[in-house]
Structure formats: structure tokens, C-alpha cells
Amino acid sequence: MDTAERLDLVTRHTEEVVTTEELEELFDDGTPSAYIGYAPTGEMHIGHFTTMRKLADFLDAGIDVTVLIADLHAHLDDEKSPFELLEYRSEYYQEAIEGMIEAAGSDPNDITFIRGMDYQLEEEYTLELYRMAAETTLSRAQRAASEVVRESESPNLGGVLYPLMQALDVKALEADIAYGGIDQRGIYMLGRELLPDHEWDAPVCVFAPLLSGLSGGKMSASDAGSKVNLTDSPAEIEEKLNGAYCPMGEREENGVLEYLEYLVFPVLTEQGESFVVERPDEYGGDLVYERYAELEADFLSEELHPADLKPAAAGAISTVIDPVRERLSDNDELLAAAYPETYGDS
RNA sequence: CCGCCCUUAGCUCAGACUGGUAGAGCAGCCGACUGUAGAUCGGCUUGCCCCCCGUUCAAAUCGGGGAGGGCGGACCA
């Protein structure tokens with residue numbers, strides 16, 4: 001595969017690449033490494049799946065991929081995960097992530113998994129973190145993390161260590177490429193400033209778009225109805241999609257379309273399948289799409305009505321998620337340990 | 001260690017001075033209207049009022065104790 005093809009694979013379905021030129025150089029030099037970190041906080045959902053799906057592109061482009069389960073980060077961010085639950089949630093994340101990668105058509109064994117605390121407590125790392133803390137102002141760190149760390153009237157120190165550690169992780173994991181949602185931009189831009197003073201090259205940054213939630217606006221972790229969880233049953237998925245914000249002919253903040261573009265179609269294409277919309281004869285009969293662009297065109301021209309699209313999308317999402325859901329429900333004791341509030345006891 | 005402030009619905013808060021058994025906005029839910037959803041109307045739900053003890057016929061409200069959180073406490077201004 002030549003550099004142009006690799007570039008194409010890595011940059012497709014992305015929100016931003018900083019910078020494409022640097023990425024090209026990495027490819028010319030050989031086999032770059034990339035990492036993406038997930039802080040094991042709330043349950044994983046379909047938004048995670050889209051970023052995970054993209055890891056297949058990284059692998060196909062001949063990149064060494066590392067997935068960081070950022071356990072310490074999950075606690076540093078306003079104690080989103082209680083310290084006692086970190087281990088369980090990390091296990092759950094790894095299980096879910098492997099399931100998603102497999103469902104996306106890649107092999108989890110091709111990816112290196114690592115836990116934050118496996119190396120973030122080492123002397124070398126800690127010392128360098130302190131040095132970064134000395135070099136960074138409070139407001140700079142807060143600004144960098146503002147889209148990621150929970151905001152509060154009385155922010156904890158953890159929230160400012162958070163972006164510094166994430167910047168340092170790039171070096172600690174020896175990554176050439178940092179991949180993450182566009183919300184991570186501030187942190188990695190800080191990283192690009194700091195790392196050259198710490199004997200490491202500024203990473204190339206690849207940012208995934210943040211998908212809209214089903215109720216319009218960005219997907220929100222706190223709004224259960226705005227996202228599809230990996231453990232949702234087909235019936236729940238259908239119900240959530242039916243309730244989704246989806247104005248006829250409009251693309252903006254339309255989570256239904258975005259799920260199709262970033263998750264369903266990439267996976268269907270990988271499996272060589274097409275997307276079928278069942279439609280009453282009264283409205284013209286069934287439709288079949290091979291590519292997302294065709295579907296979007298029909299939707300924008302109002303040929304494809306939301307009421308027909310929604311059930312079809314629900315079914316397709318359900319099918320894509322199915323192997324992950326199965327894997328997780330086989331492991332209900334892990335889910336209960338990781339999220340006792342939701343699945344505990346009973 | 002000392003001082004002051006805060007804690008009421010999922011969220012933001014009112015009510016406390018002048019005790020009478022809890023409210024608003026937002027969110028949520030349900031209907032109407034749309035071949036979906038939203039918007040718009042119409043309707044509805046929700047509470048260990050942080051905990052304990054006391055005063056009282058009666059405590060979210062008063063008194064005491066405790067917990068959690070916030071702010072402040074050299075000098076200079």
C-alpha cells in the first residue's frame with residue numbers, strides 16, 4: 001500500500017488531522033505508531049464504537065495501534081469513577097473494546113492494550129509529570145482540558161493534572177500519532193507544545209467527529225436517551241431511534257444519519273452487505289443502498305422519509321452491535337461489578 | 001487550629017427572619033398536531049427539605065450536636 005492510500009484510509013471519516021504533511025512524513029519513514037486512550041468511566045456506547053471502528057483503518061494502513069485504558073484518568077476527572085471501581089471498569093472497557101473491534105471486522109490481538117497505572121506510577125513518568133506541572137500555568141491546563149474534564153465551581157487538582165498526563169502519555173507510549181475525539185483537541189495541542197521540550201516529537205493528531213445525540217445536540221453521557229448503549233436490546237434501540245430528533249431533509253445534528261455514516265455503512269461495506277429500507281408501497285416501496293452518500297442524497301431530497309429510515313437504522317445498528325451485546329451479557333457479573341448502581345445485586 | 005457561608009425535585013434554586021406539614025423554572029412523562037422526531041399547544045409525575053437530639057399541639061423553618069462542601073485567616077491594600 002502506498003503512502004497516498006494509507007493517508008486516505010487514516011484521514012477518512014475524521015474531523016481534523018494536525019497535520020496531514022506530518023502524517024505523510026511518518027508514512028514515508030515506515031511504520032508509525034498510534035494510540036487512543038479511553039478513561040473507563042460511564043458505560044460504553046455507540047459513539048465509542050465509531051472511534052473503535054476507525055482503528056480498523058489504522059491497522060489496515062500499517063500502523064501499530066495501542067489502546068490505553070486510562071484508569072487513573074477516570075478517577076482524576078472529578079472522580080467520575082470511584083477508585084474502588086477502577087479495576088472492574090477497566091476490565092469491562094477492555095472486554096467491550098475487544099468486542100467492538102471484532103465486530104468491526106478486525107482482530108483485537110493486533111492491538112496492544114495497556115492500563116494507565118501500568119506505567120503512570122513509575123518514577124521516570126512521575127518526575128517528568130512534575131516538571132511539566134512546573135512549566136504549565138493553571139489556566140493553560142484548564143483551558144486545554146475544558147472540553148474533556150467535568151467543569152465545576154470548585155475544580156479539583158486532578159482536572160489539571162489530567163491534561164498534563166495525557167500529553168505525557170504520548171511520549172510514555174512512544175506514539176507518533178494521537179487519535180481521539182475532537183473534544184481532545186485542546187489537550188493534544190498542549191501536548192504538541194510541551195513534548196518538544198521533553199525529548200519527544202509533537203504527535204500528529206487525528207481527531208474523530210463527535211456524533212450528535214439522538215435528541216439533537218452533541219451526544220451527552222448524562223442523557224441516557226440520547227445514545228445507544230452497547231447493552232441495549234433491539235427493542236430498546238428501536239424505541240430510542242423512534243424517539244430521535246430527525247427532521248425530514250435535514251442533516252444538521254441528525255444523529256440517525258451520523259450513526260449510519262460513521263458506523264453502519266463502514267461495517268456493512270466491510271461485510272459486503274447493503275442497507276435495506278423497508279417502505280410501504282404507498283410511499284414507493286423498499287429502497288436499497290450500497291453507499292451512505294446515496295442514502296444521504298435521498299434523505300436530503302426528501303425522497304427518503306424519516307419514518308421509514310428510523311426502523312431500518314435501528315435494525316442495522318442492532319445487527320452491528322449484536323456480537324458486542326452478546327459478549328457483554330455473557331459477562332453480566334462484570335457489568336454488575338463495574339456499574340453496581342445500574343446492574344448491582346437484583 | 002480559628003471564623004464565616006452553603007446543603008430542599010434529575011438540574012438550578014425560592015421558601016427559613018415572622019413554625020401550620022413544600023414551590024418555581026428547566027428536564028422528564030402522557031396526549032393533540034405532524035406519515036418520524038422536534039417545535040407548538042394541553043395535561044401530569046417527582047421529594048429520607050443532609051443526619052441525630054431537643055423545644056413545641058405542630059419543625060424545611062427555632063436551639064444543640066454531627067457530617068459533607070465552599071470561602072477566608074502574616075504583611076501589603
Side-chain angles (χ1 to χ4, degrees), chain A residues 41-43 45-47 75-85 138-139 142 146-161 210-229 232-265 275-289 292 294-320 339-345:
Chain A
T41 53
E43 278 190 73
H45 52 75
I46 202 171
H75 187 60
L76 284 172
D77 182 3
D78 200 33
E79 302 184 278
K80 276 180 182 170
S81 284
F83 198 75
E84 310 75 52
L85 294 183
L138 261 183
S139 56
Q142 285 178 319
S146 62
E147 293 296 315
V148 176
V149 169
R150 181 183 287 164
E151 57 179 17
S152 151
E153 281 181 37
S154 43
N156 286 20
L157 288 184
V160 294
L161 290 179
L210 292 193
L211 301 196
S212 296
L214 291 177
S215 49
K218 287 303 170 195
M219 205 174 333
S220 158
S222 54
D223 182 1
S226 77
K227 61 194 198 309
V228 172
N229 275 10
D232 285 346
S233 68
E236 284 173 312
I237 294 176
E238 180 139 13
E239 198 177 316
K240 284 183 180 179
L241 260 96
N242 179 44
Y245 172 77
C246 188
M248 180 161 62
E250 270 186 48
R251 182 172 47 189
E252 292 74 35
E253 298 194 357
N254 192 326
V256 180
L257 287 185
E258 292 178 23
Y259 286 8
L260 290 170
E261 177 176 10
Y262 292 101
L263 181 64
V264 172
F265 272 91
F275 182 73
V276 180
V277 177
E278 291 182 17
R279 187 169 64 171
D281 292 336
E282 171 189 358
Y283 299 115
D286 295 358
L287 294 164
V288 179
Y289 297 100
Y292 171 75
E294 302 163 3
L295 180 147
E296 185 182 283
D298 271 4
F299 187 82
L300 293 181
S301 71
E302 303 189 1
E303 162 66 20
L304 175 56
H305 192 278
D308 296 319
L309 177 62
K310 281 179 170 183
I317 290 169
S318 210
T319 302
V320 169
Y339 301 98
E341 304 284 314
T342 311
Y343 302 100
D345 309 314

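Throughout, a chain's letter reflects where its sequence line sits, starting with A, and its residues are numbered from 1.
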Letter per nucleotide, 5' to 3', of nucleotides 33-42 of chain B [B base touched, S only sugar-phosphate touched, - untouched; heavy atoms, 4.0 Å]: --BBBS----
Heavy-atom protein contacts under 4.0 Å, nucleotides 25-30 of chain B, coded B base, S sugar-phosphate only, - none: ------
Which base, if any, makes a Watson-Crick or G-U wobble pair with [N], both distances under 3.5 Å?
N	value
G63(B)	C53(B)
U18(B)	none
C11(B)	G25(B)
C1(B)	G73(B)
U36(B)	none
C48(B)	none

Would you measure the distance from the [atom1] atom in [N] across to the matching atom in [M] and give it in whole Å?
N	M	atom1	value
G63(B)	G70(B)	C1'	25 Å
C13(B)	C6(B)	C1'	13 Å
C29(B)	U7(B)	C1'	29 Å
G31(B)	G68(B)	P	46 Å
G15(B)	U8(B)	C1'	9 Å
A24(B)	U18(B)	P	26 Å
A59(B)	G20(B)	P	11 Å
A16(B)	U61(B)	C1'	4 Å

Side-chain donor or acceptor of Asp78(A) paired with backbone N/O of Lys80(A) under 3.5 Å: no
Backbone N/O of Ser81(A) and side chain of His75(A): donor-acceptor pair under 3.5 Å: yes
Going by atom type alone, with no hydrogens or angles, which donor-acceptor pairs under 3.5 Å involve a side-chain atom of residues 151-158 of chain A and a protein atom two or more places apart or on another chain?
unit_1    : atom_1 : unit_2    : atom_2 : d
Ser152(A) : OG     : Ser154(A) : N      : 2.9
Ser152(A) : OG     : Ser154(A) : O      : 3.4

Atom of [X], atom of [Y] and distance for their closest heavy-atom approach:
X	Y	answer
Ser226(A)	Ser215(A)	CB-OG, 3.4 Å
Val256(A)	Ala244(A)	CG2-CB, 3.8 Å
Ala314(A)	Leu241(A)	N-CD2, 3.9 Å
Asp286(A)	Arg279(A)	OD1-N, 2.8 Å

NZ/NE/NH1/NH2 to OD/OE distance under 4.0 Å, Glu43(A) and Lys227(A): no
Plane angle bin for Phe265(A) and Tyr292(A) - parallel if under 30°, tilted between 30 and 60°, otherwise perpendicular: perpendicular
Tabulate atom names and distances for all N/O pairs under 3.5 angstrom spanning the protein and nucleotides 3-10 of chain B.
none

Within residues 247-261 of chain A or reaching into it, pairs that qualify as salt bridge (Lys or Arg N to Asp or Glu O under 4.0 Å) - sequence neighbours excluded: Arg251(A)-Glu296(A)
Contact check, side chains of Phe299(A) and Pro306(A), non-hydrogen atoms, under 4.5 Å: yes
With Tyr245(A) via ring pair (Phe, Tyr, Trp, His ring centres under 6.0 Å) - residues at least two apart: none
